[in-house]
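Okay, so here's the structure we're looking at.
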Amino acid sequence: MNRSIAAAAGETVFRDTYQPRSLRNSMFKVMVTMPAVLILALMVFIVVQVLFNGARALNLEFLIAEQRPFGEPGGGVVQAIVGTLMLIVIATLLSFPLALLGALFLHLESGRRSARILEGAINMLQGIPSIVVGVVVYRWIVVPMKSFSALAGGAALAIIMLPLLVGMMREALRLVPASYMEAALALGAPRWRAVAGIIVPAARSGIIEALGLGIARAAGETAPLMFTAFGNPFLSVSLRGPVAALPLVIYEYIKSPYDDWHQKAWGAAFLLMVFVLSLNLVISARKNHIR
Amino acid sequence: MQRRLSGPVLDTGSGRRPEDFQIMDGRETRTGKTDAMNDKRFERVLAAAAAAVILLCAGFLLTLALDATPVIRQEGAAFLYGTQWNPVTARFGALPFIAGTVLTSILALAIALPLSLGTGIVLGEYLRDSRLGALLNVMVNLLASIPSVVYGLWGIAVVIPAVRSLALLVGAPPYGSGILSASLVLSIMIVPYMSSLIREALRSIPPGLREGAYALGMTTFEMVGGVALPHARSSIIAGVLISFSRALGETMAVTMLIGNATRMPTSLFSLGNSLASVIASQFNEAASDVHRSAMMGLALILLFITLLAGWTGRKLMHRKVD
């Protein structure tokens, strides 16, 4: 009120800064909330659009029939559903044992030089773009076998899954209290027995969750399959022959000039997204429940 | 009797072998030896698994380097800076693709950074301990799990028409697909990663700093801008670099949206190609040996750029905060 007088008298003046600061604070809140809302709205938009467009392509025939040549109405994507399941099984069989042993190595030998090297290798594997995995597996398996194959596709997905599994399984092993291991050893159990009988069972649910997330990730991968599993218009369960997969079908169909196939691409995207999202949802619900 | 006591602890249900527990009796005869043997074998199995993973990594580098040798021998360093890419005349210069890759990724990063900062700050500060925050975090993580081919599909249906009308508006060639479309979808794809990393960085600052700042009467804006963000700076930069390396290696969405044209990108609306999208679209059609080798060379360049960005990010992440 009488600031100028007070200032003239040489007294310290406290200006009321609250209002501008409060205003800036509110503006900041609005500024950070907008992008967050935008992103969540986009997410809802994407999911709803895929579900909506995809649902129109869905019917029983879509799920149980093979692809028909263009021009013939009808047909489905059963070859891709079976192919994706097959690839997941192969990838799991190839990556799970190696990943579990690798995670155990990192856990038991942590701090050692060899563990740090392995950790570096895992980090590098995780950083390899998925298309490069496809190219290298083509070179390693498809060229010697002289044929695209389900085996090669599964191997490529296994390499994608491996670093993810090792990372997540290692976290699961870390959550087991060190006293379990100590107690087992103190009771005279040999190390392998303590690990196989105590540590791994105690970390079981974390290990299963890791596998679930790894599968969810591998199921949606397209790039590593283009030169390995290759795709196949017919239902095939041969390990040595090319197989279809849902992501490959989406890519192939949307590239085609036919409206009917575009429709089917959305249908395949529907199936793939529902599978991946529900697997992720179930696992995050489990995790939150346990904590 | 002691053997019985140890039973429930070590009982794993199946595969239980009583002789394994005989050590408890102090009679370390035959069984003790077997256990030692088993342990050694167990360690050998673990070491073999670790060696297999390391060999796998080395094999990647070796395979790519060996297979890329013919094209590098033919083109020399021009493989990196040449702008001609013509399988028919066997000229292979990868610069248009390197430019396409780096350009789309940097654009995507520039679009994604403000969005991720906002999302990360809302989730990591404003909704730090609330149920709503946890729920939204699950949603953001779900966004990260949508397969990239689905993003590509969505981009074809939504982003391409939008960019086409924008191009008509500003008088650019209305292809629809191109650098801008690819960058936009790429940015939506990396926002979940980046915002999770920013959220983690904000949550991991010491609580004392936050409480101290509020005790001094700071507003949330002043606390975040003056205390939290500066403290978390190096983790945030690391998060940005890791997201960048993801964007560089992303294949499907970019292949579906960038237009697949072999030329230097000249504007936001021009068609282009990224390293990953060239490999995706030409690998199966490569007929000559040099063309195939050039594909492997592109994969090698891509791997190198991606690993460099990821490695720098991880180095920053693990740097001790003083």
Side-chain angles (χ1 to χ4, degrees), chain A residues 21-22 24-25 28 31-36 38-40 42-43 46 49-50 98 101-102 104-105 114 117-118 121-125 127-132 135-136 139 184 187-193 197 201 216 220 222-223 226-227 247 250-251 254 265 269 272-273 276-277 280-281 284, chain B residues 6 9-10 12 20 23-24 35 38-39 42 45-47 49-50 52-54 56-57 60 63-64 67 114-115 118-119 121-122 136 138-139 141-143 145-150 153-154 156 188 191 219-221 245 249 251-252 256 276 279-280 283-284 295-296 299 302-303 306-307 310 314:
Chain A
R21 288 173 57 219
S22 166
R24 268 200 297 271
N25 189 38
F28 176 70
M31 267 173 54
V32 296
T33 311
M34 273 187 337
L38 178 70
I39 282 301
L40 292 166
L42 257 178
M43 146 139 207
I46 294 173
Q49 188 168 30
V50 173
L98 192 58
L101 291 174
L104 281 172
F105 187 89
S114 52
I117 295 175
L118 179 59
I122 296 287
N123 281 336
M124 185 191 138
L125 271 185
I128 296 177
S130 57
I131 184 98
V132 177
V135 167
V136 171
R139 196 64 188 71
L187 284 168
R191 247 163 89 85
W192 71 270
R193 187 100 187 138
T222 320
M226 300 171 86
F227 324 130
I250 299 173
Y251 179 61
I254 199 68
L272 185 63
M273 203 179 72
V276 170
L277 288 190
N280 269 289
L281 261 181
S284 55
Chain B
S6 71
V9 181
L10 290 174
T12 60
D20 289 335
I23 261 186
M24 301 296 297
D35 288 341
N38 276 331
D39 258 0
F42 174 62
V45 170
L46 284 191
V53 175
I54 294 166
L56 191 68
C57 263
F60 260 84
T63 304
L64 288 176
D67 282 3
L115 294 175
T119 313
I121 289 169
V122 167
L136 295 183
V138 169
M139 282 180 71
N141 286 339
L142 281 186
L143 196 56
S145 71
I146 295 177
S148 66
V149 68
V150 175
L153 184 67
W154 179 80
I156 288 177
I188 298 173
V191 162
T219 59
T220 310
F221 165 57
S245 84
T251 311
M252 294 322 295
M256 291 160 89
I279 302 174
F283 190 83
N284 277 334
M295 289 288 124
M296 298 307 254
L302 178 60
L303 181 66
T306 318
L307 289 184
R314 265 196 308 278

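Treat the numbers as computed from the prediction; the structure is a model and nothing was measured.
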Contact origin within B/L307 toward chain A - heavy atom pairs under 4.5 Å | side chain
Whatever's closer than 4.5 Å to a heavy atom in chain A on B/I279 counts as both
Steps toward side-chain contact (heavy atoms from CB on, under 4.5 Å) verdict (B/V53, A/F105) | CA-CA 11 Å; B/V53 175; A/F105 187 89; over 6 Å; no
Measure A/L125 against the heavy atoms of chain B and call it side chain, backbone, both or neither at under 4.5 Å.
-> both
Where does B/A280 contact chain A at under 4.5 Å (heavy atoms): side chain, backbone, both or neither?
-> both
Turns out that what part of B/T251 lies under 4.5 Å from chain A's heavy atoms comes down to side chain
May I ask you to name which of A/L104, A/V50, A/L40 has the most heavy-atom pairs under 4.5 Å with chain B?
-> A/L40
Name the option with the most non-hydrogen atom pairs under 4.5 Å to chain B; the candidates are A/M273, A/M43, A/M34, A/R24.
-> A/M43
Portion of B/D67 that has a non-hydrogen atom of chain A nearer than 4.5 angstrom = side chain
Considering only heavy atoms from C-beta outward, does the side chain of B/N38 approach that of A/P190 to under 4.5 Å?
-> no
Backbone of B/L142 reached by a side-chain donor or acceptor of A/N280 within 3.5 Å | no
Heavy-atom check, side chain of B/L46 versus side chain of A/W192, under 4.5 Å = no
Atom group of B/M252 that falls short of 4.5 Å from chain A, counting heavy atoms | side chain
Contacting region of B/L153 [heavy-atom separation from chain A under 4.5 Å] | both
Kindly indicate whether the side chain of A/V136, heavy atoms from C-beta on, has any atom under 4.5 Å from the side chain of B/L64.
-> yes
With the side chain counted from C-beta on, respond yes when B/I54 and A/L118 share a heavy-atom pair under 4.5 Å apart, and no when they do not.
-> yes
Region of B/I188 that comes under 4.5 Å of a non-hydrogen atom in chain A = side chain
